Each structure stands twice: as C-alpha cells, then as structure tokens.
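What you see is a predicted model; the values in this text were computed from it and never measured.
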Amino acid sequence: MRIAHSLASALLLSGSLYLPATAADLTTAPAATGYNWNGFYIGVGGGIGAIVHEVEVPPFGGFEFNGIGGEGYFGELTVGYDMQLTERIVAGVFATYRAGNIATTLDVDFGPINFDADVTLDHGYDIIGRLGYLVTPNTLAYVLGGYSHQHFALDTNIGFDMDWDADGYVLGGGLETVLTGNWTLKSEYRYGQYDLGNFGLGSFLDVDSSTHTFHAALAYRFGGGATATAASFAPVNYDFAGLKVGIAGGLGAVVHELDIFNGIANFNGIGGEGAFGEVSIGYDFRIAPNWIAGVQADYRWGAISTDLDLPAAPFDASITADHGYDVIARLGYEVYDNTLVYGLAGLSWQHFQLDTSVGGIDYDWDTHGWTAGAGIEAALSDRITAKVEYRYAEYDGEDFESGGILEAISSTHTVRFGLSYKIF
C-alpha cells in the first residue's frame, strides 16, 4: 500500500524531531527548571492519517454509507502565540498550513479499459485555540479546537478533473515538551469534520467527511526558554525502568483496500471510524543514561466500523474492528527525568465482524499484521505517567472464501490517550 511506503519516512521524521540538539543532551538529562511558555513561536512538522466520507442519498430511501475511506501523509507549517495565565495554565492560538496526499484511489486495468481516479486532500489550513495544563514545568498537556479549511482535488486519466473547498471544524489534544533551550516538540491528535455539500445535485446527494490525523512538530519559541528559578511544582524524579500496567482510550479510522479479480481493479478504499479502549502490561529497561527500551502487550476492544443503511430495502450492514491485541517493542529518549519521547514497532492481531440485517449473511475473520508508531509520555507522579501515542497497523488480506474474486487488505490509524501505573 502507498501508506506503507511512506510510513518509514514519517517515522524517521518524527524520530529526528525527537532528538535533542546538542551532544551533551545525549548523556545528561536537563535539570527540571521552570519554563517561560509566553510568546510567539513557529513550527515545522508532519503527520499521517485517514479520511472517511459519509454519503447520503435521500431519494434512495435515506441511503447512508459511512463510508468511503482514504489515507496518506502530510507536511505542516505553524505560527502561534501562547500566554501563561498561571503557573500551570497556558492558553494560546495558532494557525497551520498543510499539504499532503491523503487520498482515496481507484485503479482499473482490464484489457482496453484503463481508468485511474484519485480524490486527494492536497492542502488546507486551520485556525485553532488551545488550553493546556503543565503536568511538569517542561511538559504541557492540552486540548484544542477551531476552524478548518480543506481543499479537495479529483484527478482522473480521462480528462475529467474537478476541485472544491470545504469548511469545518477541528478538535483534538496532545502533549508538548521542551527539548532544549527554545525548542519544543509536540505529539498531537486532531479530528476534523467537513461538509462537502451536494456538488450541485440539490437534495439528491449530501457528503460529509471526517479526518483522523496525528501530528508531530518541532517549534522554536522566540519568547520561550528556561526561567531563572525552578517552578514551585517541580515534579518528583521518575525512573521509566520497571514493570507497568496501563489503561487507554482512543479514536481512529480503518481503511479496507479492495483488490478485485486478482488485480483487475483496486479500490483504496472502504473506510470506517470509531473509538476503542485498551489495557496493557509492559516492562521498560534503562539501556543507557537517557535511553529506555521496553516490551509491551495490550488488548483492545471497540467499534471502529463501516456502516451501510438502506431503510427502503430495508437493509443495513456493518464491518467492525471489534477487538485485537498487539505485542510491541519501543525505544525512547528521556529528554527530562520525567518525559520520554519514543518510537515503537511490533506485531498486531485484529478481529473483524461483518453483520447484516439479512439472516445468514454474517461473516467474521482474524488477521495478523504489523504496527508502528510514536508518542510522548510524561510522569504525573512517582508512579503514574500519561501518554499520547499514534499507531499505524497493516494486516494480511482476507479473500472471504471467494477464490481470488475479492480480497480486502485492512489498515488502521489510531491515537490513544493513556495512563500507566508503575508496579516496581
């Protein structure tokens, strides 16, 4: 899949952003001091994510399909301003411009018939406000919301092209941590919702689209920097090595890439979205003064699903990623003795359930694959940490016992917000 080829580049970008700027930082974590979050900043970063288009056709008895999916990656530029309202509360506004290739694709190659089409989120911008709480003097946990504008482009190889703009809103949250001096790094999730309208077809058609994206960005703060004295709430030292249990909740999207008649047609794809919960257990080792390596197993359950509803038939159907588990390894760098930035990779297993309103037409399957991602984890106390983490997973194909007529290759984009408790 196209997204698999770009994932390594995106993770390398995130990993490079995570590394501090000086060699001295690689051997000694900075002392926990106060930090001045006031002032303007500029940022550069990138991300990865998915889109789900919900299509409604009212004349067809209220036909609704959620949805048509796509996936890809993007780059982003940011300018913003933060104001430290109290010792622990930070409020700010920022604007971002992004360009990328999150797209839905269709390819048909059958004898004389050759047809390619892409619907791409090629560029857009956001104007966002955020409100944050300093969990440590150098790490900010925050929520965000604001206006979003997106440009879409339809390109085909038969000369039929079009483009359109859509307005909407964005909501999300993340963690931002100081790396060194005036440099900070953020790990952020955004959910976007757009009304694409009816494309001039009146009441015949209505399309709404939603995006699930993960953002990693490096920022330079013109007014930032360590303060002369430590903050009065300077956190206790935390040792990331040890045995931990955790809980998490998250949001995400699934994209099913359909391969039809052994490659005659390829559609990427059928999309779905939803929420999930997760429990985990893991152990981290300190392999160098500021480097942490660990292993983790987790079990998740939820309802990330694709839904079809045709009341006039009547008929409804859904494909749900309802439960699964992962076995992963991670490698992290301790930028402070209470904040860890890390990458992860491992094996993933997922169960999918197809349910319909027609008796006997139900199907479920298990599939294995791989997962990779990155995140930021910060200590809240000497036992408890909080994290924001993104994972991409890709699974083996399922042919539904069709003998090669149809194969679905599924991938997921998920962001989790979690808490961990250190046992010892």
Side-chain angles (χ1 to χ4, degrees), residues 14-15 18 20 25-33 35 88 132-142 173-179 185-187 189 230-250 276-301 325-348 371-391 414-424:
S14 298
Y18 289 164
D25 292 330
L26 297 178
T27 58
T28 304
T33 62
Y35 191 81
R88 303 192 78 144
Y133 181 81
L134 288 166
V135 294
T136 81
N138 302 293
T139 301
L140 181 72
Y142 61 91
L175 286 175
E176 183 172 1
T177 189
V178 177
L179 293 181
L185 170 75
K186 73 176 180 180
S187 176
Y189 165 78
S232 63
F233 64 97
V236 296
N237 292 339
Y238 180 83
D239 184 0
F240 278 94
L243 179 67
K244 304 158 189 176
V245 293
I247 58 172
F276 63 94
E278 185 176 81
V279 294
S280 62
I281 184 169
Y283 194 92
D284 286 324
F285 305 84
R286 185 173 298 278
I287 59 174
N290 297 103
W291 291 92
I292 298 294
V295 292
Q296 177 181 309
D298 56 59
Y299 174 79
R300 62 188 181 285
W301 67 98
Y325 62 83
D326 305 301
V327 179
I328 60 174
R330 72 173 184 169
L331 177 65
Y333 180 82
E334 197 176 33
V335 293
Y336 290 89
D337 54 8
N338 47 55
T339 305
L340 187 75
V341 294
Y342 62 91
L344 63 88
L347 301 177
S348 187
T371 185
I376 297 178
E377 184 174 1
L380 305 181
S381 73
D382 61 349
R383 292 285 184 180
I384 299 174
T385 62
K387 71 178 179 181
V388 178
E389 179 183 291
Y390 165 81
R391 293 187 202 173
T414 56
V415 175
R416 61 219 350 102
F417 301 87
L419 295 172
S420 293
Y421 178 80
K422 182 177 177 180
I423 299 174
F424 62 81

Establish, for the pair Arg330 and Tyr342, whether the NZ or CZ atom is under 6.0 angstrom from the six-membered ring centre and no further than 45 degrees off its axis. yes
Taking all non-hydrogen atoms of both residues into account, name the closest pair between Tyr390 and Val415 and its distance. CD1-CG2, 4.0 Å
For Leu134 and Pro137, which heavy atoms make the closest approach, and how far apart are they? CD2-O, 4.1 Å
Quick one, Thr339 and Asn138 - any side-chain contact, counting heavy atoms below 4.5 Å? no
Taking NZ, NE, NH1 and NH2 as the nitrogens, is one of them in Arg416 or Asp298 under 4.0 Å from a carboxylate oxygen of the other? no
Quick check: do Thr414 and Arg300 have side-chain heavy atoms less than 4.5 Å from each other? no
Are side-chain heavy atoms of Leu331 and Ile287 found at a separation under 4.5 Å? yes
Any side-chain heavy atom of Val327 sitting closer than 4.5 Å to one from Val295? no
With a 4.5 Å cut-off on side-chain heavy atoms, are Ile376 and Val388 touching? no
Going from CG on Asp382 to CG on Asn338, what distance comes out if it is rounded to the nearest 0.5 angstrom? 12.0 Å
Distance in Å, Asp326 CG paired with Thr371 OG1, rounded so as to fall on 0.5 Å steps: 5.5 Å
Nearest atoms (heavy-atom pairs only) where Val335 meets Val178: CG2-O, 4.1 Å
Reported CD-to-CD1 distance for the pair Gln296 and Ile281, which is rounded to 0.5 angstrom: 9.5 Å
Which atom pair, heavy atoms only, marks the closest approach of Leu380 to Ala386? CD1-CB, 4.1 Å
Please state whether the rings of Tyr299 and Trp301 are parallel, tilted or perpendicular, taking 30° and 60° as the class boundaries. parallel
Thr385 and Phe240 have their tightest heavy-atom pair at CG2-CE2, 4.3 Å
What do the steps show when you test Glu389 against Leu344 for side-chain contact (heavy atoms from CB on, under 4.5 Å), and what is the final call? CA-CA 10 Å; Glu389 179 183 291; Leu344 63 88; 3.4 Å; yes
Rounded to the nearest 0.5 Å, what's the gap from OH on Tyr35 to CG on Leu140? Could you check? 11.0 Å
Return the minimal non-hydrogen interatomic distance between Glu334 and Leu340, and the atom names on each side. N-CD1, 3.7 Å
Arg383 side chain to Ile423 main-chain N or O, any donor-acceptor pair under 3.5 Å? yes
Does the side-chain contact (heavy atoms from CB on, under 4.5 Å) test come out yes or no for Asp239 and Lys422, once each step is laid out? CA-CA 9 Å; Asp239 184 0; Lys422 182 177 177 180; 3.6 Å; yes
